[in-house]
Chemist: 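Got a structure here, written out as structure tokens. Questions coming.
Predicted, not measured: the structure shown is a model, and the values here were computed from it. By convention in this document, chain letters (A, B, ...) are assigned in the order of the sequence lines, proteins followed by strands, and residues within each chain are numbered from 1.
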Amino acid sequence: MSHPTLLPPIRMTRQEFDAWAPNQAIPYELIDGRVEPKYLSDDGLEAMAGGKVVHHLVIGNVSAALRARAPQACHVLPDARVRVGDSMIFLPDVTLTCEPIRDDSLDLLAPRLIVEVLSPSTQRQDRTAKLDTYRLIPSLEEIWLVRTRPRHVEVWQRRPDGWHVADVIGTGTIQSRVLQSPVPLDELYEGLPA
Amino acid sequence: MALTPILTELPPIDPSLLREAIRASYHEDEDAAAARLLSRVSFTPERRQRITAQARAMAEKLRKDAVAAGGVEAFMHAYALDTEEGVALMCLAEALLRVPDVETADLLIRDKIGDTDWQKKVAASDSFLINASTYGLMLTGRLLSLEDSGQGFVHRISRMVGRLGEPVIREALKQAMKVLGHQFVLGQTIDQAVGRAKSAERQGYLYSYDMLGEAARTDEDAQRYLASYLHALERVAAGAAPQPDLFRRPSLSIKLSALHPRYEYAQHGRIMAELLPRLARLLQRARELDVAVTIDAEESDRLEPSLDLLEQLAASEPMRGWNGLGLAVQAYQKRAIHVIPWLADLASRTSRRIPVRLVKGAYWDGEVKKAQTMGYADYPVFTRKVTTDVSYLACAKELFAGGDAFYPMFATHNAQTLAAILDLAGNNRGFEFQKLHGMGDTLYGDLVKAERLPVPCRVYAPVGSHKDLLPYLVRRLLENGANSSFVHQVVDRRASLEALIADPVERLRGFASKRHPAIPRPADIYGHERRNSEGIDLSDPKALAELARRLASLPAGRAAPGVESREPPRPVCDPADRRREVGSVVFADAEAAERAMALAHRGQPAWERRPVEERAALLDRGADLFERHLAELVALCVREAGKTVLDAIADVREAVDFLRYYAAEARRLLGRPTELPGPTGERNLLSLHPRGVFVTIAPWNFPVAIFVGQLAAALAAGNSVVAKPAEATSLTGQLCCDLLHRAGIPADALVFLPGEGGVVGKVLVTDPRCAGVAFTGSTATAFAINRAMAATDQPLRPLIAETGGMNAVVVDSSALLEAVVQDTLDGAFRSAGQRCSAQRVLFVQDEIADRAIEMLTGAMAELTVGDPGQLATDVGPVINGKAQDKLMTHARRMEQEGRLLYRARLDEACAHGTFVPPMAFEIDRMSRLTEEVFGPILHVVRWQAGHLDRVVDAVAATGYGLTFGVHSRIDETVETLTSRVKAGNIYVNRNIIGAVVGTQPFGGEGLSGTGFKAGGPHYLLRFLTERTLTVNTAAVGGNLQLMGALKDEA
């Protein structure tokens, strides 16, 4: 399989990005005005149309776990666009929002929980850089950073005194403040090769 | 909005599959190329035996007779590689005859004869190339002392100097050099040569005359060479005995680089418009006289244009059906095997027979060095000698297979090759052998005399004055004097004769890796520590087409600070044409600068905590991304900074090298603390730590390399960075930062801050969170930064400043003028002179000044000034109107105070850009220059022999000390200058620009900067602070270590 070539970091305004991104074969995000592909090869040198299978497996598990525990009238959306200000458009792996969804909505503006599944290689440290930006979203209450291997979820939660982080590992359970019940890690990693 | 496309005017590409095959194998992987050769040629065991038997007979006879016969081979036999005579004489032979003045000639002689340290010099260089050339000239020493072979030549001369005095020796040596010349040059004039050929012709030899001289620098030189070729044609025709067969008559060999001062792929348009008609005229006369002409092969980057020319000539009406138009093919090139089918096709399309001289190739060392320097994917030539031998046989087979398409001419002194060719020929008699004048006499002598050779042997005979001998001689000696050469080994009794005559096909097959183990791929020359940056060969049509494709449609640039700024976007213009917009930039306001410092300050602790390996890995990934996006970076360099494509590629490559080099340095320095010695009972550790937030302030002249170099060093050390690009090159800076952010460097570790120095500079460098400043730019700005930093009561912080230079090159009369001129053109006018390292002054010794100026101005007239985005352009615009005004004001002053030697013409295409024509002025003293002249203006100052001190004083008086150069063959002169001149980067017998990361760490002293040198082993230390940690291990009750030692004793 040949990979799509990595574009140079083109700079776009949100309007330009809105017109351009939907026509692309691979998913892009707008970070600080910089167009970046969502998926990169392990060496960080190629843009990819999607992640590895385990990555999508975990996304599926996360979506199911969230959907089963989401509050009333809330939605769980994989790969939906989330907009932060005018120079940031993200495609988080899974987003939970309780904002009303209209037919012509392009972006989610008020996510409550965002989940990013990190690839096993250390190459994707740049994903963690998004954390700073996510934390600027006023509606956001919780961020999960899920590693596919080893079993490890970083859970960031907004409290009145600021953001707190907890590491959940092994066979632990995530005590979410958004969801209606705790999530055991076994559920998120179900089906993953040992 | 899009960028104005770049490289839109490229040489046309012949789409035929045969030409495509040639292009595709230019830098082919060596294993693949060798495998193809092996599939093309092999011998059955019986044939192999037959060939070996014949080769053995010849080689044994050679080994026996050559030494006894006292030929060139004997000298090779007699000399070991490390005799001082050879080295001394090589230098003398090369330079003495061209030195016009007595003083310098005597200096040169004393220098070469008086010095007894040669052994050390030879030993100091383990390059087999250097030793090979050393070896070459050794045979001259033997030649000269032939009549008195009991003693070393140098010692003999040394004694004579004392006895007879210098004038006698000077004349004697000049005579001696002429004797040497006589060995390798058939005659000083064509008439002399034709006359001298007669006796060998009677023995059955044929001749091809080669008029010495190559690589014309000026149009005048080229016209002179053309005239000499035309004259030679007449004399050769007149002197030839009646003979109906064209291939049995004497012929002429020509070098295209002699016929045009810009015979380069990049100047394809001019080659076709100017060189082609010149060549057509020459060949038409050759046809009228029916004297066959062979076009010699030169450097590998000239192969493509030579084929284009041949195609045109072969198809032209006056050449129709003539069999005298020939070409030399170099077997050491990977493309050779593909050139032959194309030639066969050309022969059939134009109904002719093409004489093809098959050679092994004489520019091998230069090709290898260039590919490494330029970071090409692989070499255009084979790295193993044996592969070249196989290629030679494979090509020979193709030539024979071509039948009537070719008249093959096999140039070889190798008995194995000769035997194999005779075997491959079968009953074919339509070919000849060739040998060099002065060599191979023993091998061919008997064969020709006894008529044991079924075909004739032609002598390739150089004709010309002895002082033009050098470039030719060095090449010949390198080729044949090399350890690996047959000629060398056959007389060396230590070398196994069986190995020498072994079938090269079988030998090559035996190597698991076809690449020579000592010659790694250009990417791997720095070993495991880091990869060499990838370059693009601009003489490679395929690489060029790919680059042009990527440069065809790029979006305009955009830049904005990594923090909020209230400034409005402003347009960025192309310096080559101010009407063109390149993009837009939002500058930082003072508050943005403040915010940037705050952001970087917040991000620094986390960045510092990352393990050094992780930081280094991110920089390495950044380097990979820069290589991946070379085209985009080049495009902005060209359109925003006005750099030529060649310079822009070099700029990006240097940035890649910086990233990898500082990553490697961080791993080396920051791995673990150093344990220090001290009294027992305590542990002492020294460790290095980042300082905090670094402010980097970059110039516009290397918008990628210097901008990235500064911030990469700071980041590698663990500091966070607020990176301010030059105002004029913000777009390029933005792309660099974007790539580094994409590589994974956090947004709060690297904060991009485009802005005007006047608005943000002071805010940044006086901010209490600023822990250090790295600045490159003018000396005046460095002073201002220093004052601003000093005016606060904050902790004293380091200022690393790289500033200007007033750089001079000193040339004495022993220098090779052609090299001086080329190096001066590069030093003074590349990048429109906008390099800190650029040459501003040429100090030239009075005796050769007139000739130097003539050649220099002639060469300046051949420069192309214009759109830097076109391949043919040598000199682009200066950065902006302000710079242009300043340079033109300086030029007006120079016209008053000095003498204008040359001013290039600017054509209409330059009207809308900020161009300054390349200019040269003669001035009486360097002190006419009071400040750095940052543009394409060169100053020439004469100096009088014996007054080197005055030159040194003049350079010192400027107070600057960045780069400095010497062109001289006299070690004493080189030593005097290099030891007395205080400059950061000193270059001998080359240009003074283009320092390479890790190889020539760059930076000056005095007014030129603070050091440490960028790209050097100490640079990173300036971004670090040291801490020691002392733990009293005896504090907890006892010194266990000491007590343990006592116990051991008991």
Side-chain angles (χ1 to χ4, degrees), chain A residues 3-17 19-21 24 26 28-48 84-88 90 116 118-119 121-136 154 162-163 165, chain B residues 1-3 550-551 554-564 569 583-586 599 602-603 606-607 610-611 613-615 617-618 620-636 731 734-752:
Chain A
H3 304 300
T5 312
L6 190 51
L7 280 173
I10 303 168
R11 301 193 77 80
M12 289 189 189
T13 63
R14 180 168 65 85
Q15 289 74 15
E16 288 164 336
F17 185 80
W20 176 85
Q24 304 307 308
I26 57 174
Y28 285 94
E29 301 180 310
L30 187 66
I31 301 172
D32 275 333
R34 189 172 82 236
V35 177
E36 293 285 3
K38 177 167 178 191
Y39 298 106
L40 284 175
S41 57
D42 282 352
D43 64 5
L45 299 179
E46 305 280 357
M48 314 274 280
V84 186
D86 237 11
S87 63
M88 306 269 193
F90 294 107
E116 289 283 11
L118 305 180
S119 87
S121 69
T122 54
Q123 308 284 0
R124 297 308 313 269
Q125 287 146 340
D126 53 334
R127 299 293 285 180
T128 62
K130 289 180 185 171
L131 203 63
D132 285 343
T133 309
Y134 287 154
R135 286 187 301 212
L136 301 175
E154 238 176 72
W163 286 87
V165 63
Chain B
M1 198 170 64
L3 288 183
R550 291 171 59 193
L551 290 170
L554 290 175
R558 263 187 201 162
V563 289
E564 194 197 333
S584 68
V585 56
V586 174
L599 180 58
R602 202 184 73 195
W607 179 244
R610 298 258 194 128
E613 180 48 49
E614 214 174 293
R615 291 201 302 262
L618 291 177
D620 280 342
R621 182 134 54 98
D624 295 351
L625 280 173
F626 272 54
E627 285 184 334
R628 205 52 84 90
H629 294 293
L630 179 125
E632 292 85 0
L633 288 161
V634 163
L636 282 178
L731 304 179
Q734 177 79 68
L735 180 53
C736 294
C737 279
D738 281 348
L739 287 166
L740 292 170
H741 284 141
R742 176 182 281 174
I745 292 165
D748 55 5
L750 170 61
V751 184
F752 180 62

Chemist: So does A/L45 get a backbone contact from the side chain of B/R621, meaning a donor-acceptor N/O pair under 3.5 Å?
Modeler: no
Chemist: Would you find a donor on one side and an acceptor on the other, under 3.5 Å apart, between the side chain of B/R610 and the backbone of B/R615?
Modeler: no
Chemist: Carefully, step by step, assess A/I26 and A/Y39 under the rule side chain to side chain contact (heavy atoms under 4.5 Å, CB included).
Modeler: CA-CA 8 Å; A/I26 57 174; A/Y39 298 106; over 6 Å; no
Chemist: Side chain from CB out, backbone as N, CA, C, O: work out which of these in B/R602 comes under 4.5 Å of a heavy atom of chain A, or both, or neither.
Modeler: side chain
Chemist: Counting only heavy atoms closer than 4.5 Å, note whether B/R558 contacts chain A via side chain, backbone, both or neither.
Modeler: both
Chemist: Less than 4.5 Å apart, any side-chain heavy atom of B/D748 and any of B/W607?
Modeler: no
Chemist: What part of B/Q734 lies closer than 4.5 angstrom to a heavy atom of chain A: side chain, backbone, both or neither?
Modeler: side chain
Chemist: Under a 4.5 Å heavy-atom cut-off, does chain B meet the side chain of A/R34, its backbone, both or neither?
Modeler: side chain
